[in-house]
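In the text below, chain A, chain B and the rest are named by the order of the sequence lines, each starting its count at 1.
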Amino acid sequence: MPELPEVEVVRRGLERWVAGRTVDDVEVLHPRAVRRHGGGAADLVARLRGRTAAVPVRRGKYLWVPLRQSGAASGVAEPDRRSGEEAADDALLVHLGMSGQLLVQPADATDERHLRVRLRFTDGGRELRFVDQRTFGGVAVDELGAGGVPLSVAHIAPDPFDPAFDDAAFARRLRARRTGLKRALLDQTLVSGIGNIYADEALWRARLHYARATEGVTRAEAVRVLDAARAVMTDALAQGGTSFDSLYVNVNGESGYFERSLAVYGREGQECDRCGTPIRRESFMNRSSYLCPACQKRPRHPRW
DNA sequence: CGGAGCTCCTGGGGGC
DNA sequence: TGCCCCCAGGAGCTCC
């Protein structure tokens, strides 16, 4: 499940392998993968052809590649055209959903079973493939608005690594909510980038129960769980970051972090690393929550 | 309008 | 062996 660290690994892979290249042709193999694009598949293709990829940007789990007009003389390379200096009007927006991957593959590599969109480049090098088994993810070309953020991403809050992220404002907004703590952490309009796995991990590190009522969470606790989220995602990125060093832009949730370093997620019945109490799995919001019942005390008045 | 629940999707795995 | 159901969950949408 790609959350912020996995998406950042993908962003870095795109920066290395795709930035500066010009799109030659695009193939949409599944309409659902482009459902977020207003004009449909044909329009998406038309808006991508001949455009040059700038340095990709990420906010939370969203990723976009600003698109520049390529040089007037077709086929002529544009040396030293530093990205970011020219404002782009639109961008290729990508969300990986549950199972999305971006792969950089040789043109003659066999198509993946769940290949949804293929981008070929004018340099004839490796192509970019969007592969997504469950099609919760998708790609679109979207207009860039204020601050260079795609219009359809404007409602998404900055993530905890964004210099613009305001810890005090986060605590204030969290405490103004009338809901459960984990539900709030998963709300991408409050703080972005955190999904089910890192929410559970952050709550465990902060020793807070997922059903704590947000209005009862102290400012210190709010910042504690936020810092815990930063820490666990930083660790994940440090470990997952090795996989994009190859030609394969590893993108799915398999940074390797899952198996190695998770304290609670997927560890039902195993001992808590801190106190030895068996980790418990509970059903919550129609999905799973993992926690240490000793370290993370259930509140007297839980809120879901 | 905030909050909560529904829904989309597909393959793997368990039960019978 | 085969079939059916459950499970994974991000986020837009709808309803109250």
Task: Between P of dC7(C) and CG of N196(A), the distance in whole Å - done: 14 Å
TODO: Sequence neighbours left out, what passes ring pair (Phe, Tyr, Trp, His ring centres under 6.0 Å) with Y62(A)? Give chain and number order.
DONE: H95(A)
Open item on the list: Whole angstroms only, please: what is the CZ-P distance between R287(A) and dC7(C)?
Closed with: 13 Å
Task: Minimum heavy-atom distance between A54(A) and V65(A), given as atom pair plus value - done: O-CG1, 3.6 Å
Open item on the list: Output the rounded distance in Å from CD (Q133(A)) to P (dC7(C)).
Closed with: 17 Å
Open item on the list: I want to check a possible cation-pi pair here: R21(A) against F121(A), using under 6.0 Å from ring centre and within 45° of the ring axis as the test.
Closed with: yes
Open item on the list: Please evaluate residues R205(A) and D227(A) with respect to the criterion salt bridge (charged side-chain N to carboxylate O under 4.0 Å, His left out), reporting the C-alpha separation (whole Å), side-chain torsions for both, the decisive distance (0.1 Å), and the verdict.
Closed with: CA-CA 9 Å; R205(A) 289 196 185 204; D227(A) 282 338; over 6 Å; no
Task: Net bend of the helix from dG2(B)-dC16(C) to dC16(B)-dG2(C), end axes of five pairs each, nearest 10 degrees - done: 50°
TODO: Kindly write out the residues that satisfy ring pair (Phe, Tyr, Trp, His ring centres under 6.0 Å) with Y290(A), not counting sequence neighbours, or none if the list is empty.
DONE: Y265(A)
- [ ] Go through DNA chain B in 5' to 3' direction and return only the first and the last nucleotide with some atom under 4.0 Å of chain A's heavy atoms.
- [x] dG3(B) to dG11(B)
Task: R267(A) NZ/CZ over W204(A) ring centroid, <6.0 Å and within 45° of normal - done: no
TODO: Could you say whether Y290(A) or K61(A) is positioned toward the 5' end of DNA chain C, judged by the nucleotide with the nearest heavy atom to each?
DONE: Y290(A)
TODO: Figure out the CE/P separation between M98(A) and dA8(C), and round it to whole Å.
DONE: 9 Å
TODO: Report which part of the nucleic acid H30(A) touches: base, sugar-phosphate, or nothing (heavy-atom distance under 4.0 Å, all strands).
DONE: nothing
TODO: Take D187(A) and R177(A) through the salt bridge (charged side-chain N to carboxylate O under 4.0 Å, His left out) test and state the conclusion after the steps.
DONE: CA-CA 11 Å; D187(A) 183 345; R177(A) 294 290 176 97; 2.8 Å; yes
TODO: Let me know, please, whether H155(A) or R134(A) comes out on the 5' side of the other along DNA chain C by nearest nucleotide.
DONE: R134(A)
Task: Residues E221(A), R212(A): salt bridge by 4.0 Å N-O rule - done: yes
Open item on the list: Over all strands shown, is R35(A) touching base, sugar-phosphate only, or nothing at heavy-atom distances under 4.0 angstrom?
Closed with: nothing
- [ ] Using a heavy-atom cut-off of under 4.0 Å over every strand shown, decide if Y62(A) touches base, sugar-phosphate, or nothing.
- [x] sugar-phosphate
Open item on the list: Expressed as a whole number of angstroms, how long is the span from L93(A):CG to dG10(C):C1'?
Closed with: 14 Å
- [ ] Within residues 178-192 of chain A, find the residues that approach DNA chain B with a heavy atom at under 4.0 Å, and present them sorted by residue number.
- [x] R178(A), T179(A), R183(A)
Task: Heavy-atom closest contact (L203(A) atom, K182(A) atom, distance) - done: CD1-CB, 3.9 Å
TODO: Kindly indicate, with the supporting measurements, whether the criterion side chain to side chain contact (heavy atoms under 4.5 Å, CB included) is fulfilled by R120(A) and E27(A).
DONE: CA-CA 8 Å; R120(A) 295 191 181 87; E27(A) 205 177 330; 3.3 Å; yes
- [ ] Sorted by first residue and then second, give each salt bridge (Lys or Arg N to Asp or Glu O under 4.0 Å) pair with at least one member in residues 290-304 of chain A; sequence neighbours left out.
- [x] E215(A)-R303(A), E282(A)-R298(A)
